[in-house]
Amino acid sequence: QVQLVESGGGLVQAGGSLRLSCAASGLIASNYVMGWFRQAPGKEREIVVAISGNGKNTYYADSVKGRFTISRDNAKNTVYLQMNNLAPEDTAIYFCAADSAFINMLTMRGVNSWGQGTQVTVSS
């Protein structure tokens with residue numbers, strides 16, 4: 001059974017940084033695309049970033065390009081999201097996800113491995 005556990009969320013002022021972690025178990029990390037999604041109050045869940053199993057391919061939503069960086073350590077079965085220059089519009093619950101196909105991650109189609117989410121709040 002796949003389990004994804006996020007950590008690292010919190011309250012930060014605009015312009016600040018946070019680093020989220022997602023610890024995975026029940027899977028061989030290198031075989032899975034990992035992604036971070038977020039959902040703000042009253043809005044639909046959206047993809048933020050994704051990274052291929054070997055770390056060579058990444059996707060960034062336009063809204064976070066140049067500010068967020070996704071990385072992974074397959075030896076630790078862990079994926080990281082470094083978030084810099086945070087803005088109030090980044091406030092959301094951030095979810096980690098795993099899937100075997102990159103297209104599934106980009107479309108959220110068939111992604112059935114999710115973490116419980118971690119709250120990120122950015123004050124102005």
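The nearest pair of heavy atoms linking Gly53 to Asn74 is O-ND2, 2.8 Å. Of all heavy-atom pairs between Ala29 and Asn77, the closest is CB-OD1, 3.0 Å. Looking at every heavy atom in both residues, Asn57 comes nearest to Phe102 through O-CE1, 3.8 Å. Of all heavy-atom pairs spanning Leu27 and Ala98, the tightest one is CD2-CB, 4.2 Å. Closest non-hydrogen pair, Ile70 versus Tyr60, comes out as N-OH, 2.9 Å. Contact record, Ala92 with Ala40: CB-N, 3.8 Å, taken as the closest heavy-atom pair.
In this structure a side-chain-to-backbone donor-acceptor pair under 3.5 Å is present from Thr78 to Lys76. Distance alone, capped at 3.5 Å, places no donor-acceptor pair between the Thr91 side chain and the Thr121 backbone. Proximity of a side-chain donor or acceptor of Asp99 to a complementary backbone N or O of Asn112 within less than 3.5 Å is not detected. A distance-only check finds a donor-acceptor pair linking the side chain of Glu6 to the backbone of Gln116 [under 3.5 Å]. Put simply, the side chain of Asp90 gets close to the backbone of Ala87: a donor and an acceptor are under 3.5 Å apart.
Arg19 is not listed as a side-chain neighbour of Met83, based on a closest heavy-atom distance of 4.5 Å or more. Counting only heavy atoms from C-beta outward, the side chains of Arg38 and Glu46 approach each other to under 4.5 Å. A 4.5 Å side-chain heavy-atom check between Phe95 and Gln39 finds at least one atom pair inside the cut-off. Counting heavy atoms from C-beta on, the side chains of Leu18 and Leu86 come closer than 4.5 Å. Within the 4.5 Å cutoff, side-chain heavy atoms of Cys22 are placed close to those of Met34. Proximity of Val49 to Met105: side-chain heavy atoms (C-beta onward) are nowhere separated by under 4.5 Å.
The hydrophobic clustering, which links ILVMFWY residues whose side-chain heavy atoms are closer than 4.5 Å, places Ile47 and Val33 together.
Stacking of Arg72 on the aromatic ring of Tyr80 is not recorded, the 6.0 Å distance cut-off and the 45° axial limit not both being met.
More than 12 heavy atoms of other shown residues, nucleotides or ligands fall within 6.0 angstrom of atom OH in Tyr94.
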Margin query: Show, in sequence, the C-alpha distance, side-chain angles and deciding distance for Ser17 and Asn84, and conclude whether the side-chain hydrogen bond (donor to acceptor under 3.5 Å, both in side chains) test is met.
Written below: CA-CA 4 Å; Ser17 298; Asn84 297 329; 2.9 Å; yes
Criterion side-chain contact (heavy atoms from CB on, under 4.5 Å) on Ser113 and Leu4, from CA distance to verdict: CA-CA 7 Å; Ser113 295; Leu4 305 173; 4.3 Å; yes
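The SG atom of Cys96 lies 9.5 Å from the CG atom of Leu20; values are rounded to the nearest 0.5 Å.
Residues Trp36 and Phe68 place their aromatic rings such that the two centres sit no closer than 6.0 Å.
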